[in-house]
Participant: 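Got a structure for you, questions after.
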Amino acid sequence: MELAYPGLGLLCLRLTFGALTFSHGVHKWGSLDKFRGTWGLSRPVAIAVALIQTVGGVLIFMGFLTQIAALANCVVNAGILYKLIRVSDEPFLAPGQHSWSIGVAYLGMAFALALGGGGALAVDHLF
């Protein structure tokens with residue numbers, strides 16, 4: 001007997017990733033200059049990242065334009081991973097410290113939604 005509920009699974013993924021991404025974006029708006037300085041980003045790039053995370057998080061959470069918002073977040077998360085690995089030289093795992101293992105999880109979630117869409121319980125499914 002197989003218990004498979006892909007619509008419910010994608011809903012859980014959307015709600016989790018959408019909420020996490022939104023919270024990261026909102027946090028950036030509150031300290032945009034600090035975010036820019038920490039990551040060495042220009043103002044337009046920092047605004048684009050915050051916008052993609054904030055608006056994209058809401059869209060993904062609702063399941064509206066899910067694949068587009070998730071793809072944009074793939075680009076953002078790939079850039080973050082690059083910075084963490086190549087520029088900051090952070091370890092994959094470092095208990096109690098910053099590491100890039102969670103960045104892999106965020107990129108994986110975004111990629112799964114970019115490929116799979118929002119599912120049957122998404123606004124996208126109505127169109």
Side-chain angles (χ1 to χ4, degrees):
M1 181 171 108
E2 181 179 333
L3 293 175
Y5 304 100
L8 189 56
L10 287 168
L11 174 66
C12 292
L13 179 59
R14 268 196 4 260
L15 295 178
T16 302
F17 183 68
L20 289 169
T21 299
F22 174 78
S23 66
H24 279 280
V26 167
H27 178 73
K28 286 174 179 64
W29 289 114
S31 56
L32 196 60
D33 288 332
K34 182 180 177 187
F35 169 62
R36 286 179 54 220
T38 300
W39 291 90
L41 302 174
S42 67
R43 185 166 183 79
V45 170
I47 289 171
V49 168
L51 191 64
I52 287 168
Q53 287 184 324
T54 307
V55 175
V58 171
L59 291 173
I60 289 167
F61 190 89
M62 293 182 349
F64 183 62
L65 301 174
T66 306
Q67 289 179 291
I68 295 167
L71 186 58
N73 271 280
C74 281
V75 173
V76 166
N77 286 306
I80 290 168
L81 270 177
Y82 173 80
K83 287 276 194 176
L84 288 172
I85 296 167
R86 302 294 290 167
V87 177
S88 300
D89 197 30
E90 294 196 10
F92 177 69
L93 286 174
Q97 299 175 338
H98 203 267
S99 61
W100 56 271
S101 57
I102 195 70
V104 173
Y106 284 141
L107 181 58
M109 288 188 279
F111 194 59
L113 289 167
L115 291 176
L121 301 173
V123 175
D124 289 333
H125 191 71
L126 300 175
F127 300 103

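Quick caveat, the model's predicted, so the values are computed rather than measured.
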Participant: State which residues pass side-chain hydrogen bond (donor to acceptor under 3.5 Å, both in side chains) with T21; sequence neighbours excluded, sorted by chain then number.
Facilitator: none

Participant: Only distances under 3.5 Å count here; give the side-chain donor-acceptor pairs of residues 73-86 to other protein atoms, sequence neighbours excluded, each with its distance to 0.1 Å.
Facilitator:
residue, atom, partner, partner atom, Å
N73, ND2, A69, O, 3.0
N77, ND2, N73, O, 2.8
K83, NZ, W39, O, 2.8

Participant: So if you build clusters from Ile, Leu, Val, Met, Phe, Trp, Tyr with side-chain heavy-atom gaps below 4.5 Å, do L71 and F22 land together?
Facilitator: no

Participant: With a 4.5 Å limit on heavy-atom distance, are the side chains of V26 and Q53 in contact?
Facilitator: no

Participant: Taking all non-hydrogen atoms of both residues into account, name the closest pair between F92 and W100 and its distance.
Facilitator: N-NE1, 3.3 Å

Participant: Using the side-chain contact (heavy atoms from CB on, under 4.5 Å) rule, take V45 and R36 through it: C-alpha gap first, then chi angles, then the decisive distance, then the call.
Facilitator: CA-CA 9 Å; V45 170; R36 286 179 54 220; over 6 Å; no

Participant: Check M109 against L20 and note the closest heavy-atom contact, atom names and distance.
Facilitator: CE-CD1, 4.3 Å

Participant: Nearest 0.5 angstrom please: L32 CG to L41 CG, how far?
Facilitator: 9.0 Å

Participant: For the atom pair NZ (K28) and OG1 (T38), what is the distance rounded to the nearest 0.5 Å?
Facilitator: 10.5 Å

Participant: With sequence neighbours excluded, what pairs up with D89 under the salt bridge (Lys or Arg N to Asp or Glu O under 4.0 Å) test?
Facilitator: none

Participant: OG1/T54 to CD1/I47 distance, rounded to the nearest 0.5 angstrom?
Facilitator: 11.5 Å

Participant: Looking at every heavy atom in both G63 and A122, which two are closest together, and how far apart are they?
Facilitator: O-CB, 3.5 Å

Participant: Rounded to the nearest 0.5 Å, what separates atom NE2 in H125 from atom CG in L10?
Facilitator: 11.5 Å

Participant: Is there a donor-acceptor contact under 3.5 Å from the side chain of D124 to the main chain of G118?
Facilitator: no

Participant: Under a 4.5 Å side-chain heavy-atom rule over Ile, Leu, Val, Met, Phe, Trp and Tyr, are L65 and M62 clustered together?
Facilitator: yes

Participant: Is there a continuous path of hydrophobic side-chain contacts, each under 4.5 Å between heavy atoms, that joins L126 to L121?
Facilitator: no

Participant: Please verify the inter-ring angle class for Y106 with H24; under 30° counts as parallel, over 60° as perpendicular, anything in between as tilted.
Facilitator: perpendicular

Participant: Looking at A70 and A114, what are the two nearest heavy atoms and their distance?
Facilitator: CB-N, 3.5 Å

Participant: Report the distance from atom CG of L113 to atom OG1 of T16, rounding to the nearest 0.5 Å.
Facilitator: 10.0 Å

Participant: Can you name the closest pair of heavy atoms from S99 and P91 and give their distance?
Facilitator: CB-O, 3.2 Å

Participant: Applying the 4.5 Å side-chain criterion to the ILVMFWY set and letting contacts propagate, would F35 and W29 be lumped into a single cluster?
Facilitator: yes

Participant: Under 4.5 Å between side-chain heavy atoms, hopping through other hydrophobics if needed: is there a path connecting F111 to I102?
Facilitator: no

